[in-house]
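Before any comments, here is the structure.
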Amino acid sequence: MLKRTLIIILLIPFSSYTFAQDIEKINMTCPESPNCVSSMADTNSNHYIKPYIFNDSPDKAMARLKIALLRNKRVTLVTNEPGILKAEVKSLIFRFIDDVEFTLVAEQEVIHVRSSSRTGYYDFGVNRRRIEKIRKLFNK
């Protein structure tokens, strides 16, 4: 019994990242319309945006990211799981909803990002500016 308890205690620090994101299983694609950015898009695409890079622990990086995300206005956190944050952001005037997703890949020390409008065709660069604003807050 003591041996089993000791093993469990030793494994707890590693448990939150045993999900080990498989890069091929992450789906952060963008539609054809120019109202989406993703770090998983082709680097030659207008949809491409750089992923976030971290050099502290995955837990600390996700905590910093959550703080940076929630410092934005009209954000509702939808998913808050180890290595995954998803949120909805409501536009000020028309109340359109944009989806924002972050997926941490611990072994690469990156957080893949995606921000996409649910409706409409063109977003006037809103999603790209949002991701870059969150990046600045994340890197502070």
Side-chain angles (χ1 to χ4, degrees):
M1 180 71 166
L2 179 62
K3 188 175 184 180
R4 187 179 313 153
T5 305
L6 184 58
I7 290 171
I8 291 171
I9 290 171
L10 291 174
L11 292 176
I12 287 174
F14 302 103
S15 66
S16 65
Y17 292 95
T18 55
F19 64 90
Q21 294 290 348
D22 183 359
I23 200 77
E24 276 92 43
K25 291 182 183 176
I26 300 171
N27 183 8
M28 298 182 99
T29 59
C30 284
E32 293 292 321
S33 56
N35 59 359
C36 175
V37 294
S38 173
S39 61
M40 298 292 291
D42 185 289
T43 55
N44 295 324
S45 165
N46 288 333
H47 295 294
Y48 179 75
I49 194 162
K50 290 182 181 179
Y52 295 2
I53 298 170
F54 64 93
N55 55 17
D56 48 356
S57 74
D59 288 324
K60 287 182 181 177
M62 289 305 287
R64 283 190 299 124
L65 178 58
K66 184 177 176 182
I67 291 167
L69 175 63
L70 293 176
R71 287 189 62 194
N72 288 267
K73 296 177 182 172
R74 299 175 305 281
V75 172
T76 303
L77 201 56
V78 175
T79 302
N80 182 17
E81 298 174 1
I84 299 172
L85 280 179
K86 293 183 181 183
E88 296 175 345
V89 183
K90 215 175 264 190
S91 69
L92 179 61
I93 297 171
F94 296 110
R95 301 292 190 215
F96 294 133
I97 296 176
D98 294 347
D99 295 301
V100 183
E101 303 174 47
F102 302 90
T103 303
L104 183 138
V105 182
E107 39 303 328
Q108 294 180 5
E109 296 184 330
V110 300
I111 300 173
H112 283 288
V113 301
R114 179 181 183 272
S115 184
S116 180
S117 302
R118 284 188 187 172
T119 57
Y121 181 76
Y122 192 72
D123 71 345
F124 301 96
V126 169
N127 286 294
R128 184 172 298 279
R129 285 192 304 274
R130 174 184 301 121
I131 292 299
E132 292 302 345
K133 179 181 178 184
I134 296 168
R135 183 191 313 271
K136 275 187 179 179
L137 295 169
F138 173 75
N139 288 330
K140 278 189 176 180

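Residue numbers start at 1 and run along the sequence shown.
- Residues passing the side chain to side chain donor-acceptor pair (under 3.5 Å) test with Glu109: none are found, sequence neighbours excluded.
- The hydrophobic cluster containing Ile67 does not contain Val89, counting ILVMFWY residues as joined when their side-chain heavy atoms lie under 4.5 angstrom apart, directly or transitively.
- Between the CG atom of Leu85 and the OG1 atom of Thr79 there is a distance of 8.5 Å, given to the nearest 0.5 Å.
- Among Leu70, Val113, Leu65, Val75, the one residue that satisfies the side chain to side chain contact (heavy atoms under 4.5 Å, CB included) test with Ile134 is Leu65.
- Of all the heavy atoms in Asp42 and Asn44, the pair that sits closest is OD1-N, 2.7 Å.
- Sorted by first then second residue, the side chain to side chain donor-acceptor pair (under 3.5 Å) pairs that include residues 81-97, not counting sequence neighbours, are Glu88-Arg118.
- Side-chain contact check for Ile131 versus Val100: some heavy-atom pair is nearer than 4.5 Å.
- More than 12 heavy atoms of other residues, nucleotides or ligands lie within 6.0 Å of CZ in Arg129, so this atom counts as buried by the packing criterion.
- With values rounded to the nearest 0.5 angstrom, Arg71 atom CZ is found 6.0 Å from Lys140 atom NZ.
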Item to complete: Determine, stepwise, if the pair Met62 / Asn80 fulfils side chain to side chain contact (heavy atoms under 4.5 Å, CB included).
Response: CA-CA 10 Å; Met62 289 305 287; Asn80 182 17; over 6 Å; no
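- Counting only heavy atoms from C-beta outward, the side chains of Arg114 and Thr103 never approach each other to under 4.5 Å.
- In terms of hydrophobic clustering, with Ile, Leu, Val, Met, Phe, Trp and Tyr side chains grouped at heavy-atom distances under 4.5 Å, Ile97 and Met28 are assigned to different clusters.
- Sorted by first and then second residue, the pairs that involve residues 71-101 and meet ring pair (Phe, Tyr, Trp, His ring centres under 6.0 Å), not counting sequence neighbours, are Phe94-Phe96.
- Using a 4.5 Å heavy-atom threshold, the side chains of Leu137 and Asn72 count as touching.
- The shortest distance between side-chain heavy atoms of Asp98 and Ser117 falls below 4.5 Å.
- Remark: side-chain polar atoms of Arg128 are not paired, donor with acceptor, to backbone N or O of Ser115 under 3.5 angstrom.
- With no hydrogens or angles considered, no side-chain donor-acceptor pair links Ser116 and Asn127 at under 3.5 Å.
- Take Ser33 and apply the side chain to side chain donor-acceptor pair (under 3.5 Å) test, not counting sequence neighbours, and it matches Asn35.
- Shortest non-hydrogen contact noted between Ser39 and Tyr48 is O-CE1, 3.5 Å.
- With a 4.5 Å cut-off on side-chain heavy atoms, Leu69 and Lys66 do not count as touching.
- The list of disulfide bond (SG atoms under 2.5 Å apart) pairs with a residue in residues 27-104, not counting sequence neighbours, reads Cys30-Cys36.
- Pairs of residues two or more places apart, or lying in two chains, that qualify as ring pair (Phe, Tyr, Trp, His ring centres under 6.0 Å) and include a residue from residues 49-77 are Tyr52-Phe102, Tyr52-Phe138.
- Salt bridge present: Glu132 and Arg135 bring a charged side-chain N and a carboxylate O closer than 4.0 Å.
- Side chains of His47 and Ser38: no donor on one and acceptor on the other come within 3.5 Å.
- With rounding to the nearest 0.5 angstrom, the CZ atom of Arg74 is 10.5 Å from the OG1 atom of Thr76.
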